[in-house]
Structures are given as structure tokens and as C-alpha cells.
Amino acid sequence: MAASVRRVQTLSAWDTGRIWGRHFFLTAKCLCSATAAARPTSAQQLAEKLRAQKQEQKAKEREVPKDPVQRRVQELKRFSQQLQNVHPNVLSKALKRGILHQDNNLVVINKPYGLPVHGGPGVKSCITDILPVLAKMLYGNKAEPLHLCHRLDKETTGVMVLARDKEMAHQVQDLFKTRQVAKKYWAICVGVPVHSAGVIDIPIIEKEVQGQQRHHKMTLAPSYRMENGKTTKVRPNRHAHVAVTQYRVLSSTLSCALLELQPITGVKHQLRVHLAFGLGCPVLGDHKYSEWNKLAPQKLSVGILKKLGLEKTKTRYLPLHLHAQQLILPSLGSESQELNLICRLPKFFVRSLSRLELEIPEKD
């Protein structure tokens with residue numbers, strides 16, 4: 001009888017273990033199935049959340065500011081960013097629509113703001129990359145790429161000359177090197193020069209700026225210095241470049257001016273350096289040369305900010321107001337007359353003039 005009882009108990013324990021084991025298996029299976037079912041839902045929710053955040057960010061970027069100047073600054077910022085993502089064919093069509101002059105030797109374009117001439121780190125689109133495409137649009141599929149004759153800074157707008165072949169490009173480049181090309185730029189500057197017209201004849205050199213952000217800038221290398229109230233000539237730096245700029249004030253207020261600039265030489269960033277460090281009147285929107293020892297958004301007075309309708313924190317979006325307004329080329333090849341190339345001011349430049357109450361002379 002005792003043996004029989006022990007057998008029953010043993011069977012009961014075995015059956016109980018089997019039942020609990022099956023229960024545990026079923027429970028674990030259900031939990032795993034529930035977790036597996038929950039994962040896609042969590043991933044989907046996360047994706048939807050990220051998508052909603054991106055759409056909200058895009059909506060904020062597309063939001064049109066009420067102030068017209070801030071609206072223009074936002075448009076310029078977006079346009080400058082879009083230029084780096086535009087297909088070469090689209091960009092070539094845009095430049096084609098703005099051609100200032102075209103003949104058998106030259107093509108003269110209106111260079112837009114924010115478009116670099118050469119490639120570099122972070123540059124996806126530049127003028128040199130689209131020269132083959134533009135040549136085919138203008139002269140057929142068998143046309144050789146157009147050639148650069150000179151260069152403008154990324155932020156500078158205005159007249160830019162391209163040549164159809166290398167020989168013509170070399171001829172035009174020689175004209176620039178020998179200073180036979182008359183160049184006129186217009187610039188809005190912060191502050192007003194002491195003299196309404198003059199010549200800035202100060203050599204320029206490139207130096208490294210020491211500080212939190214180590215970088216290189218062009219700066220002045222004067223041939224004279226003041227000692228005890230007397231002007232003393234110093235030994236010229238052999239690395240400095242001769243730089244000469246003529247200027248005259250076209251219009252002015254108490255806080256800013258419209259200048260006409262004629263660079264006699266062609267040193268890198270010459271006009272910006274001569275205005276900022278020579279006259280003490282940096283170009284409006286020049287965030288590189290408004291201060292020497294750091295790279296920071298240009299500081300503007302409360303009066304200028306108020307006229308422009310800008311907040312202090314938004315000045316970093318203010319574009320450089322420097323425009324290649326006119327080039328006069330002497331006769332080339334079979335041409336018997338000089339070529340006078342004029343490019344109208346971009347819209348943002350004209351609107352800034354209006355806001356700052358600066359007038360364009362009628363005869364210009």
C-alpha cells in the first residue's frame with residue numbers, strides 16, 4: 001500500500017512538472033510573440049515622430065517673416081544653400097538667362113551672390129564645373145568648355161568675363177595683369193570716409209590670425225609709420241603685394257555710404273581690406289574683415305539695424321554688399337571698339353540702398 005502511494009505521488013510530481021513546463025513554455029511564447037508584435041509598432045512610432053519633427057523644422061524654415069528685410073535675408077540664405085544642390089543644367093540655364101554680352105570670342109555673365117568660382121571643401125556647385133554645360137547650351141554639343149578670364153569672390157556679384165577658347169582667355173587675362181581693364185565696383189560701407197574721394201595706396205599681405213580660431217586673412221603692410229608725430233618710411237615686406245584703389249562717395253548718410261571703387265591692382269580681397277583697415281569703413285555684410293582678431297558676424301549700430309529692420313542676432317545672414325558694376329575692355333581681335341560691360345545691381349543691394357536712404361546718382 002505504501003509503495004502504491006509513493007508511485008501515485010511520483011506520478012503526480014512528474015505530471016505537475018510537465019504541466020508547469022508546458023505552462024512556462026506557453027507563457028514565454030506568448031510574451032515573445034507580444035514583444036515581437038510590439039517592436040514594429042515602436043519602430044513605426046519612432047519613425048513617425050522623427051518625420052513629424054522634420055516636417056515641423058521645414059515648416060519653421062518656410063515660415064515667412066513679417067519684416068521685409070528679414071524676409072530678404074532668409075531668401076538669400078535659402079538661395080545660397082540651394083545653389084549648392086542645383087543640377088549643373090539648371091544652374092547653366094539660370095546663368096544663360098542673365099547673360100550680359102555674347103559674341104564669337106566672349107561670354108559675359110551676371111555672377112549671382114553665393115556662387116563660388118572654384119571648387120573646394122564643402123562646395124558642390126561652382127562656375128568652373130558648369131562651363132562645359134553652358135558652352136554646349138550656347139554653341140552646340142561640339143563646343144569646347146568656356147574659360148575663366150578672371151575671378152570674383154563667392155559673395156561678390158556682377159560682371160564676369162568668360163572666353164570661348166584658351167587663346168582668347170590668355171589675351172583677356174593679360175589685359176587684367178597689365179592693368180588695361182577699367183573696373184568699377186559699387187559697395188555699401190559701414191561708416192563714411194573722412195574724404196569724399198581719394199586713393200588708397202597701401203600694400204597688402206596675408207597673415208595668420210592668432211586666437212581661439214586660428215585662420216588667415218589679408219591685411220595692410222604700410223610703407224610708412226608714425227614716430228613721435230613724424231612720418232617715417234619703413235623697409236617694405238618682400239611678401240607684400242602692391243595694392244592701389246581709387247574711391248569716391250556717391251551718396252552718404254551719417255552712418256553709411258555708397259562708394260564707387262576702382263581697383264588699379266588686383267590683389268586678393270583688396271577692396272574689402274582697403275575699406276575695412278584703410279578707411280575704417282568695412283563693406284556692409286563683410287563678416288570676415290570687419291574685425292581683425294576674430295571671425296564673427298559684423299557688428300552694426302542700432303541705427304543701421306533699425307533701418308534695415310534686422311535683429312542683432314540675424315546680422316550673420318546679411319550678404320556682402322559688393323558688386324562688380326562695370327568693366328571696360330579694350331578692343332580685342334577683330335573688334336575695333338572697346339567693350340563696355342555694365343551689370344545692374346542685385347535686388348537685395350537696391351533694397352538695402354532704399355532702406356538706408358542712399359541714392360544712386362542719376363548719371364550712373
Find out if a path of hydrophobic residues (ILVMFWY) with successive side-chain heavy-atom gaps under 4.5 Å connects Leu345 to Leu258. yes

Hey, any chance Ile342 and Met160 share a hydrophobic cluster, counting ILVMFWY side chains that come within less than 4.5 Å of each other, even indirectly? no

If you define the side chain from C-beta out and look only at heavy atoms, does anything of Leu175 sit under 4.5 Å from Gln171? no

Establish whether Trp292 and Leu320 are linked, either directly or via other cluster members, by ILVMFWY side-chain heavy-atom contacts under 4.5 Å. yes

Taking the side chain as every heavy atom from C-beta outward, state whether Leu148 and Leu162 have any pair of such atoms under 4.5 Å apart. yes

In the structure I gave you, are the side-chain heavy atoms of Leu327 and Val108 within less than 4.5 Å of one another anywhere? no

Glu167 atom CD, neighbour heavy-atom count above 12 within 6.0 Å: no

At their closest point, which heavy atom of Gln102 faces which heavy atom of Val107, and how far apart are they? CG-CG2, 4.3 Å

Side-chain heavy atoms of Gln298 within contact of Thr315, under 4.5 Å: no

Are more than 12 heavy atoms from other residues, nucleotides or ligands located less than 6.0 Å from atom CG of Leu50? yes

For the pair Arg316 (side chain) and Pro297 (backbone), establish whether a donor and an acceptor sit closer than 3.5 Å, ignoring hydrogens and angles. no

Show the nearest heavy-atom pair for residues Ser352 and His321, with the distance to one decimal. OG-NE2, 2.8 Å

Can you measure from CD1 (Ile127) to CG (Leu152) and round to the nearest 0.5 angstrom? 7.5 Å

Residues, nucleotides or ligands: over 12 heavy atoms within 6.0 Å of Glu359 CD: no

Here the pair of heavy atoms bringing Lys111 nearest to Val117 is CE-CG2, 4.3 Å

Is Phe277 close to Met218 at the side-chain level, that is, under 4.5 Å between some pair of heavy atoms? no

Tell me if the CZ atom of Arg344 is crowded by more than 12 foreign heavy atoms within 6.0 Å. no

Using 30° and 60° as the class boundaries, would you call the ring planes of Phe176 and His150 parallel, tilted or perpendicular? parallel

What pair of heavy atoms forms the shortest contact from Asn141 to Lys136, and how long is it? O-CE, 3.6 Å

Working note: Leu318 + Leu300, criterion side chain to side chain contact (heavy atoms under 4.5 Å, CB included); need CA distance, chi angles, decisive distance, verdict. CA-CA 11 Å; Leu318 195 64; Leu300 298 174; 3.8 Å; yes

pair Leu295-Lys288: side-chain heavy atoms closer than 4.5 Å: yes

Point-to-point distance, once rounded to the nearest 0.5 Å, from CD1 of Ile99 to CZ of Arg97: 11.0 Å

How many angstroms lie between NE2 in His147 and NZ in Lys166, if you round to the nearest 0.5 Å? 6.0 Å

Please step through side chain to side chain contact (heavy atoms under 4.5 Å, CB included) for the pair Tyr185 and His323, ending with a clear verdict. CA-CA 5 Å; Tyr185 289 73; His323 177 71; over 6 Å; no

Euclidean distance, Leu332 CG relative to Asn105 CG, rounded to 0.5 Å: 7.0 Å

Could you go step by step and tell me if Ile304 and Leu356 meet the side chain to side chain contact (heavy atoms under 4.5 Å, CB included) rule? CA-CA 7 Å; Ile304 292 179; Leu356 295 170; 4.2 Å; yes

Shortest non-hydrogen separation from Cys256 to Leu358 and the atoms involved: O-CD2, 3.9 Å

Would a 4.5 Å heavy-atom cut-off, applied to side chains only, mark Tyr113 and Glu155 as touching? yes

Set out, in order, the CA-CA distance, both residues' side-chain angles and the distance that settles side chain to side chain contact (heavy atoms under 4.5 Å, CB included) for Leu106 and Leu339, then state yes or no. CA-CA 11 Å; Leu106 303 174; Leu339 191 59; 4.0 Å; yes

Close side-chain approach of Leu100 and Leu341, heavy atoms under 4.5 Å: no

Spell out, yes or no, whether Val192 and Leu308 are grouped together once hydrophobic residues are joined by side-chain heavy atoms under 4.5 Å, including indirect joins. no

His216 atom NE2: more than 12 heavy-atom contacts under 6.0 Å: yes

Hey, can you pull the donor-acceptor pairs under 3.5 Å for the side chains in residues 266-275, sequence neighbours left out?
from: His269; atom 1: ND1; to: Tyr289; atom 2: OH; distance (Å): 2.7
from: Gln270; atom 1: OE1; to: Thr265; atom 2: OG1; distance (Å): 2.7
from: Gln270; atom 1: OE1; to: Val267; atom 2: N; distance (Å): 3.1
from: Gln270; atom 1: NE2; to: Val244; atom 2: O; distance (Å): 2.9
from: Gln270; atom 1: NE2; to: Thr245; atom 2: OG1; distance (Å): 2.8
from: Gln270; atom 1: NE2; to: Thr265; atom 2: OG1; distance (Å): 3.4
from: Arg272; atom 1: NE; to: Asp286; atom 2: OD2; distance (Å): 3.0
from: Arg272; atom 1: NH1; to: Asp153; atom 2: OD2; distance (Å): 3.3
from: Arg272; atom 1: NH2; to: Asp286; atom 2: OD1; distance (Å): 2.9
from: His274; atom 1: ND1; to: Thr245; atom 2: OG1; distance (Å): 2.8
from: His274; atom 1: NE2; to: Ile202; atom 2: O; distance (Å): 3.0

Hey, what do you get for CG (Leu279) to CD1 (Ile200), rounding to the nearest 0.5 Å? 3.5 Å

Does Leu284 share a hydrophobic cluster with Ile360, counting links as ILVMFWY side-chain heavy atoms below 4.5 Å and allowing steps through other members? yes

Please report the interatomic distance CD1(Ile205) to NE2(His241), rounded to the nearest 0.5 Å. 7.5 Å

Write down the atom of Lys96, the atom of Leu138, and the distance for their closest heavy-atom approach. CG-CD2, 3.9 Å

